[in-house]
Amino acid sequence: MLSSVTVLTPPLSAEIFFVALYLSTIKAKIMRSVNWDYNKQLVNMIDQRQLPSVFERVELTSYQEVATAIREMYVRGAPAIGAAAAYGIALAAQQSKTHDLLAFRQDMADAAKNLQATRPTAVNLFWALERIMAVVRNEAYDNIASIRTEVLAEAQRLADEDVEINQRLACNGAALVNDGDTILHHCNTGSLATVDWGTALGVIRMANQQGKNIHVLLDETRPRLQGARLSAWECEQYNIPYSIIVDNAAGHFMRTGQVNIVFVGSDRTAANGDVANKIGTYKLGVVARENGIPFFPVVPTSTVDLSLSTGDDIPIEERDGTEITELTLFGRPIAPKGAKVRNPAFDVTPHKYVTGIVTEHSVVYPPFKVNLRNVVTAEQAKISN
Ligand code: MRU
């Protein structure tokens, strides 16, 4: 069963903020959105559904629980989902009771299939599972005990690399931020959406930490309100000046010259630079272009899917309509009972609206078809060496 420890969110005073920031940097593991508990041999993650009111970590002891946690968005955000799924296979390796190597590998394949079916858009889920399953299939490991050890080791490497990659992304992106900038941001792309640090919000955190005087406009991000709930909570933790805006206000702020640069994340980026991200991102790209505002998705190379030539091939998750109809105002549902709803969770911003793509390697500019492939290949070569 999912079990939890509840702690009221601690408001950080200014004095302890710098100590906390320092500790979060050198002891990143305690701050991670998802991690492996080596004492209890289980997965531990922040239950993001409870934020910002309650900070709660849950313990997961089976891959089925990890699948539920991904589907029900205890954990969300492309890289965080990938890491959770990787640890899920480590749990499956513990759960399997067979002594037969073939049957064990089949158990792992079944677990991977189950985890793959949780959410369709973020490619990191499939990328992470493939990376772990390559270990499971590796003939060099010819007994169950060694596969168990290596699967956990690979999941841990993947999680550790995510943090390191995000810090490189953050440095590359922060170089684009000028002192005095107002930054527009969509969804949540911070520590909670990754293992730690974050992508677009990681860039913002880095610029703030570098002492740049910035202000962030956070789209509230309907319907799950990741911006108002999670990004705002993270800005509080890192002392980043911010204002929450309703999604529909973004165009107003851009047209009236109150936004200098836009940073968003990505759940999957196609080979031509088309970017799938949280629903509403496309409108931001179009309005940014119309108003001459630079628009930068922040994208670890693990989020680039070179097998898809354009964003039209990216599967778009459509979630349950209750996410919209069951929101309440003054204690009452906002929509008539039985109202029909369409609820796509992501959209695709065509590459013509993208100024550049911030990766851990460098900031990639058009032509994306050539330049994106070059940096992804360079990063993949680094991992295999
Ligand atoms: O539906 P979610 O909350 O998983 O969507 C998250 C996003 O769209 C993020 O912006 C995205 O994962 C990219 S940044 C890590």
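Counting convention: from 1, in listed order, for ligands and their atoms alike. The model shown is predicted, which means the values in this text are computed figures rather than measured ones.
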Identify each donor-acceptor pair in which a side-chain atom of residues 178-185 lies under 3.5 Å from a protein atom, sequence neighbours left out, and give them as a table.
unit_1 : atom_1 : unit_2 : atom_2 : d
D179   : OD1    : N213   : N      : 2.6
D181   : OD2    : N178   : N      : 2.8
H185   : NE2    : T189   : OG1    : 2.7

Compile the donor-acceptor pairs under 3.5 Å between side chains in residues 288-296 and protein atoms, sequence neighbours left out, one pair per line.
unit_1 : atom_1 : unit_2 : atom_2 : d
R289   : NH1    : K352   : O      : 2.9
R289   : NH2    : K352   : O      : 2.9
N291   : ND2    : V287   : O      : 2.8

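A salt bridge links R319 to E317: one of the charged nitrogens lies within less than 4.0 Å of a carboxylate oxygen. Using a cutoff of 4.0 Å between basic side-chain nitrogens and carboxylate oxygens, R76 and D267 are not scored as salt-bridged.
Cluster partners of V286, using a side-chain heavy-atom cutoff of under 4.5 Å among ILVMFWY residues and allowing indirect links, are Y282, Y353.
At least one donor-acceptor pair closer than 3.5 Å links the side chain of Q41 to the backbone N or O of Y38.
Residue-level contacts of ligand 1 at the 4.0 Å heavy-atom threshold are M73, R76, G77, A78, P79, R119, C187, N188, T189, A193, T199, Q226, G265, S266, D267, N277, K278, F346.
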